[in-house]
Protein chains: 2
Amino acid sequence: MDNFQALFDYVQKLSGKTLSVEEKQIFIAHFKPKKIRKRQYFLQEGDVCKYTGFIVKGAAKTFTVDEKGHEHILKLSIENWWLADFESFYKLTPSRFNIEALEDMEILQITHNLVEEFIKPIPAFSAMQNVLSQNNTIAAQKRMQSSISQTGEERFQELVNDYPHFIQRFPQNLIASYLGLTPETLSRIRKNSSK
Amino acid sequence: MDNFQALFDYVQKLSGKTLSVEEKQIFIAHFKPKKIRKRQYFLQEGDVCKYTGFIVKGAAKTFTVDEKGHEHILKLSIENWWLADFESFYKLTPSRFNIEALEDMEILQITHNLVEEFIKPIPAFSAMQNVLSQNNTIAAQKRMQSSISQTGEERFQELVNDYPHFIQRFPQNLIASYLGLTPETLSRIRKNSSK
DNA sequence: AAAATAGATTGATCTTTGTCAAGCTTATTT
DNA sequence: AAATAAGCTTGACAAAGATCAATCTATTTT
């Protein structure tokens with residue numbers, strides 16, 4: 001299973017631990033490779049997010065649709081990220097979010113129960129989870145801080161600095177939505193900031 | 001040590017596990033009770049956040065100050081929360097935040113090293129950490145979603161619904177800052193929404 | 001290649017929010 | 001009680017951002 005290598009590398013890198021052959025077999029036994037085509041949904045609003053998926057290839061957006069029919073992108077996910085609405089995934093409650101593939105994707109997916117039963121006992125995995133949890137806390141805090149204290153222009157500049165590959169990989173209207181701006185506003189911001 | 005009871009209750013409630021007498025002794029041996037007076041700082045921008053503190057009594061704000069000298073409140077913390085800039089606490093890097101007591105406080109504080117060495121091995125504590133990490137992920141996601149897709153008025157209403165005790169406990173100018181609004185704007189929002 | 005779709009830009013106008021200044025009310029301090 | 005400090009409100013104006021409509025590229029799809 002060739003696409004498992006990315007997952008093994010990722011777990012080992014974040015945890016700082018090595019996976020044994022037996023442990024790798026446990027991963028292979030419980031994660032299912034899945035392909036998702038561009039524009040296909042991984043999760044629909046109102047459904048329970050039964051799976052989380054490790055992204056081997058491709059990209060997706062997590063978004064809501066408001067009463068006016070406008071999309072708001074909460075998250076843009078690429079290779080080596082975990083795809084899910086974690087609120088729904090942990091609690092098995094209906095999700096308020098949609099997750100849609102922006103490119104053809106290859107993921108390795110698994111249910112919450114299987115993670116708890118077979119994967120979490122693997123020390124490298126739970127160590128990875130701890131690191132990931134810290135990283136997420138830090139990133140969420142930073143994004144929130146930007147959101148309450150900076151203008152759209154400053155938030156865009158920060159995104160360009162911190163995640164330049166996002167800027168070139170995704171169309172500008174998605175970036176705008178991720179920043180909480182309309183495409184028109186982001187277009188004007190870019191025009192003015194280049195001066 | 002009377003004020004440890006709140007911590008024991010909290011750990012047991014979130015973890016769903018019971019603490020033995022010996023485990024409670026470990027907590028008592030490593031957490032230090034500390035009083036912080038109103039307006040006193042728990043953390044100053046530029047310093048490393050060496051301690052995290054469990055809030056037994058009182059409240060605090062976590063904020064930044066921008067170039068114009070304006071405060072932006074990232075977090076309001078009350079009883080049964082952990083006080084810290086976790087980025088700085090985990091990585092031991094200088095913090096970008098200030099944490100200041102809004103009321104006289106009693107906390108139980110501890111360093112990162114002591115948590116890792118003595119407290120984390122207690123099963124109830126690490127189970128609590130997992131639950132807390134999930135809760136934080138969910139709350140952060142919800143707040144971010146509000147921030148990118150809702151108006152100030154909607155964000156305020158959500159806060160009133162979700163955390164009514166915050167509204168009565170803290171002055172309106174702090175609530176405004178927490179929502180990313182100026183005090184004037186929140187004042188007008190409230191005036192209009194009551195109609 | 002033509003048609004259709006998706007994305008970006010621009011202008012005009014409207015809405016939301018910020019800024020500055022003043023006056024007012026309510027707590028704290030002395 | 002007087003004085004001081006915090007906090008809240010209001011008005012006039014400015015700035016940031018949204019909306020709507022039109023046009024202009026690009027990129028897919030047929």
Side-chain angles (χ1 to χ4, degrees), chain A residues 37-40 58-61 63-73 76 100-104 146-160 166-195, chain B residues 37-40 58-61 63-73 76 100-104 146-160 166-195:
Chain A
R37 296 185 58 218
K38 184 173 177 174
R39 295 208 186 84
Q40 195 180 341
K61 62 178 174 183
F63 65 99
T64 55
V65 180
D66 68 22
E67 329 78 53
K68 290 174 195 153
H70 293 160
E71 266 187 38
H72 300 281
I73 296 181
L76 290 168
E100 184 189 333
L102 296 171
E103 307 166 359
D104 290 347
S146 291
S147 189
I148 60 168
S149 63
Q150 296 188 286
T151 64
E153 177 160 4
E154 290 165 328
R155 298 202 303 278
F156 176 66
Q157 269 314 324
E158 200 166 278
L159 188 66
V160 171
F166 272 59
I167 306 291
Q168 18 148 284
R169 184 158 183 178
F170 300 114
Q172 203 168 295
N173 60 340
L174 300 189
I175 300 288
S177 178
Y178 178 81
L179 292 171
L181 299 170
T182 59
E184 293 93 336
T185 298
L186 183 55
S187 175
R188 285 185 251 261
I189 282 172
R190 295 192 47 191
K191 189 184 173 192
N192 294 335
S193 67
S194 65
K195 207 170 52 277
Chain B
R37 297 185 56 218
K38 184 173 175 174
R39 295 211 182 80
Q40 197 180 337
K61 62 179 175 182
F63 65 99
T64 53
V65 180
D66 68 21
E67 331 77 54
K68 291 175 195 152
H70 293 159
E71 266 186 39
H72 299 281
I73 296 182
L76 290 168
E100 184 189 334
L102 296 170
E103 307 166 0
D104 290 347
S146 292
S147 189
I148 60 169
S149 62
Q150 296 187 285
T151 63
E153 178 159 5
E154 291 165 327
R155 299 201 304 278
F156 176 67
Q157 269 314 325
E158 199 167 280
L159 188 66
V160 171
F166 272 58
I167 307 291
Q168 17 148 285
R169 184 159 184 178
F170 299 115
Q172 204 170 293
N173 61 340
L174 299 190
I175 301 289
S177 178
Y178 178 82
L179 292 171
L181 299 170
T182 59
E184 293 94 334
T185 296
L186 182 54
S187 175
R188 286 186 249 260
I189 281 171
R190 294 193 48 190
K191 190 181 170 190
N192 294 337
S193 66
S194 66
K195 206 172 46 286

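All chains are named by letter (A, B, ...) in the order of the sequence lines, taking the proteins before the strands, and each is independently numbered beginning at 1.
- Less than 4.0 Å separates DNA chain C from no heavy atom of any residue of residues 167-176 of chain B.
- One finds no side-chain N or O of S187(B) lying less than 4.0 angstrom from the OP1 or OP2 phosphate oxygen of dC8(D).
- Distance CG (L186(B)) to C1' (dT10(D)): 15 Å, rounded to an integer number of Å.
- Nucleotide dG18(C) holds its P atom 12 Å from the CG atom of D66(B), rounded to whole Å.
- Following rounding to the nearest Å, I148(A) (CD1) and dT16(C) (C1') show an atom-to-atom distance of 18 Å.
- Under the ring pair (Phe, Tyr, Trp, His ring centres under 6.0 Å) criterion, F156(A) pairs with no residue, sequence neighbours left out.
- Atom pair E67(B):CD and dT19(C):P shows a separation of 11 Å (rounding to whole Å applied).
- Within the 3.5 Å criterion, the main-chain N or O of K38(B) finds a donor-acceptor partner in the side chain of D104(B).
- For S146(A), the side-chain hydrogen bond (donor to acceptor under 3.5 Å, both in side chains) partners are Q150(A), E158(A), not counting sequence neighbours.
- Residues meeting the side chain to side chain contact (heavy atoms under 4.5 Å, CB included) test with R39(A), sequence neighbours left out: E100(A).
- Rounded to a whole Å, the CG atom of L102(B) is 13 Å from the P atom of dT28(C).
- Going from atom CD of E103(B) over to atom C1' of dA27(C) covers 15 Å, rounded to whole Å.
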Which atoms of nucleotides 20-22 of chain D (N or O only) lie under 3.5 Å from a protein N or O atom, and what are those distances?
unit_1  : atom_1 : unit_2  : atom_2 : d
dC20(D) : N4     : E184(A) : OE2    : 3.3

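- One can place NE2 of H72(A) at 14 Å from C1' of dG17(D), the figure rounded to the nearest angstrom.
- In this structure, the side chain to side chain contact (heavy atoms under 4.5 Å, CB included) partners of R188(A), at least two apart in sequence or on a different chain, are E184(A).
- Evaluation of the side chain to side chain contact (heavy atoms under 4.5 Å, CB included) rule for E153(B) yields T151(B), I189(B), S193(B) as partners, not counting sequence neighbours.
- Here the CG-CD distance, from L179(B) to E154(B), works out to 12.0 Å after rounding to the nearest 0.5 Å.
- Taking atom CD1 of I189(B) as the reference point, atom C1' of dT17(C) lies 8 Å away to the nearest angstrom.
- Near-neighbour residues of DNA chain D inside residues 151-158 of chain A, defined by a heavy atom below 4.0 Å, number-ordered: T151(A), G152(A).
- The shortest distance between the side-chain N/O atoms of T182(A) and the OP1/OP2 oxygens of dG17(D) is not below 4.0 Å.
- Counting any heavy atom pair closer than 4.0 Å across all strands shown, L181(B) reaches sugar-phosphate atoms only and no base atom.
- Residue K191(B) has no polar side-chain atom (N or O) positioned under 4.0 Å from OP1 or OP2 of dT9(D).
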(request) Treat primed atoms plus P, OP1 and OP2 as sugar-phosphate and everything else as base, then score nucleotides 23-29 of chain D 5' to 3': B for base contact with protein heavy atoms under 4.0 Å, S for sugar-phosphate contact only, - for none. (result) -------
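- One end of the helix from dA1(C)-dT30(D) to dA22(C)-dT9(D) points its axis 50° away from the other end's axis, with each axis taken from 5 pairs and the angle rounded to 10°.
- Listed by chain and residue number, R169(B) satisfy the side-chain hydrogen bond (donor to acceptor under 3.5 Å, both in side chains) test with E103(B) (two or more places apart in sequence, or in another chain).
- The side chain to side chain contact (heavy atoms under 4.5 Å, CB included) test applied to T64(A) returns H72(A), F97(A), Q145(B), not counting sequence neighbours.
- The minimum heavy-atom distance linking F166(A) with I175(A) is given by the pair O-CD1, 3.7 Å.
- A residue-by-residue look at K68(B) and T185(A) shows that T185(A) has its nearest nucleotide of DNA chain C further toward the 5' end.
- Of all heavy-atom pairs between I73(B) and S177(B), the closest is N-OG, 2.9 Å.
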